[in-house]
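First up is the structure itself, then whatever we jot down about it.
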Number of protein chains: 2
Amino acid sequence: MLAVSLRYATLGLLAQQPGSGYDLLKRFEVSMANVWPATQSQLYGELNKLAADGLIEVTNVGPRGRKEYGITESGRVDLLAWITRPHDDTPVRRPEVLRVFLLGEIPASQARNYVTRMADSADHALARYEHIRDSVEWGDSDTAFFARAALEFGLRTAAMEADWARWLAEAIDRRNEPQR
Amino acid sequence: MLAVSLRYATLGLLAQQPGSGYDLLKRFEVSMANVWPATQSQLYGELNKLAADGLIEVTNVGPRGRKEYGITESGRVDLLAWITRPHDDTPVRRPEVLRVFLLGEIPASQARNYVTRMADSADHALARYEHIRDSVEWGDSDTAFFARAALEFGLRTAAMEADWARWLAEAIDRRNEPQR
DNA sequence: AGTGCCATGTAAACGGTTACATGATTCT
DNA sequence: AGAATCATGTAACCGTTTACATGGCACT
């Protein structure tokens, strides 16, 4: 058990506020999905496991078999331990950068093209994050404060990626300039 | 089959230069491992699959059962298609940032502490990349050029992460300043 | 003779994705 | 009545990680 992040993403959402699997799915989409995507299947499975381990519990049952979950005391203990424990996180996987390693294997014009598309998609991601920043009502809760901080990370990452891709595009151009 | 990056990382390494599984493992470590880690098990398995699909072939057999692989023509075609094909890459997973979303659930002093450790580990990563930049003999091959470009990505990412973590640490301090 | 490196492989378990499956309730 | 949404679950598959397993070759 060395990564298990979805488990704690789920537990954390319930620590912030109780809800059903369905509720959590929607809250996930507008917050953590950008740094830790989860599918519906996975979330429901995780909820059952967390409940079996006593870290969360069904606090009441509504229409359509809706089960509302809340975090338990031992759940809170476990969550706090996970957040503060020294972590060996799995290294980040970036397929786009992996391709950069291999760009020498294709014609320069196509390599240049690929890099330009990277810059475009970074710009697109940046615009998306900016839209979130400007459209969400950021209250003054701790939850909002840290969600905003995570968004700031996304903003800076996207800006950096766009800059880097443009830098690389120019470097490719300089490299392929007709020799004088 | 929507991600399959290790397959192409392997194929790409063989496109750059033939070698055995053992050779590739070592080349992996000093290059792509930072953006796409792979284990020994996985690599050997992938080599056998690639060979079965005719994208690579055993070019000769040495002592200790060493099998040297080379890329085939259809391997090159496939690799080029993968690099240039429009990609829906899997979203990046960042457990450290996931934790930031949950920092409101723990005492502010511990949250502040976590963020400081993030800054430290980003500094550490930056130093590691700088060391690579300064110690590797960068030739003027295409392979070296793009490896250097990927490293630049790492350098900028680490610097950005360190800046962001320090910004957040200060924001937490401001937020918790004794009210006047 | 012993250590360390070269070299490849298998098996079990886990986490994540996709597709399938079902049905109740609310709204128009 | 029908559509949209609420709501949960199962099964198969795939990629990844960890541990186990084996043995040859080179160097001292």
Rounded distance (Å) that lies between atom [atom2] of [N] and atom [atom1] of [X]:
| X | N | atom1 | atom2 | result |
| --- | --- | --- | --- | --- |
| B:L6 | D:dT17 | CG | C1' | 13 Å |
| A:L24 | D:dC6 | CG | P | 14 Å |
| B:L43 | C:dA7 | CG | P | 14 Å |
| A:K49 | D:dT10 | NZ | C1' | 13 Å |
| B:E29 | C:dC6 | CD | P | 11 Å |
| A:R93 | C:dG15 | CZ | P | 14 Å |
| A:L25 | D:dA7 | CG | P | 11 Å |
| B:R66 | C:dT8 | CZ | C1' | 12 Å |

For this session: Applying side chain to side chain contact (heavy atoms under 4.5 Å, CB included), run through A:T143 and B:E105 and close with a yes or a no.
Result: CA-CA 8 Å; A:T143 300; B:E105 305 307 312; 4.0 Å; yes

For this session: Begin with the C-alpha distance, continue with both residues' side-chain angles, and end with the deciding distance and a verdict on salt bridge (Lys or Arg N to Asp or Glu O under 4.0 Å) for B:D142 and A:R175.
Result: CA-CA 10 Å; B:D142 284 345; A:R175 191 172 160 80; 2.6 Å; yes

Selection from [options] that lies nearest to any side-chain heavy atom of [X]:
| X | options | result |
| --- | --- | --- |
| B:Y22 | D:dT17, C:dC5, D:dT16 | C:dC5 |
| B:Y44 | C:dA7, C:dG16, D:dG9 | C:dA7 |
| A:T39 | D:dG9, C:dT8, C:dT17 | C:dT17 |

Exercise. Can you check side chain to side chain donor-acceptor pair (under 3.5 Å) on A:T116 and A:N113, steps first, answer last?
Worked result: CA-CA 5 Å; A:T116 304; A:N113 224 290; 5.9 Å; no

For this session: May I ask you to say what B:R7 touches in the nucleic acid, namely base, sugar-phosphate or nothing, with a heavy-atom cut-off under 4.0 Å?
Result: nothing

Exercise. Reading nucleotides 19-28 of chain D from the 5' end, what letters show protein touch, with B for base, S for backbone sugar-phosphate only, - for no heavy atom under 4.0 Å?
Worked result: B----BS---

Problem set entry | Main-chain N/O of A:F101 paired to B:Q16 side chain as donor or acceptor, under 3.5 Å | yes

Exercise. Side chain of B:Y114, backbone of B:E96: donor and acceptor closer than 3.5 Å?
Worked result: yes

Exercise. When you match B:Y69 and B:K26 each to their closest nucleotide on DNA chain C, which lands nearer the 5' end?
Worked result: B:K26

For this session: Dump the intermediate steps for side chain to side chain contact (heavy atoms under 4.5 Å, CB included) on B:L102 and A:F146, then the final yes or no.
Result: CA-CA 7 Å; B:L102 303 175; A:F146 286 110; over 6 Å; no

For this session: Measure up the B:F153 and A:W164 rings against each other and bin them: parallel (under 30°), tilted (30 to 60°), perpendicular (over 60°).
Result: perpendicular

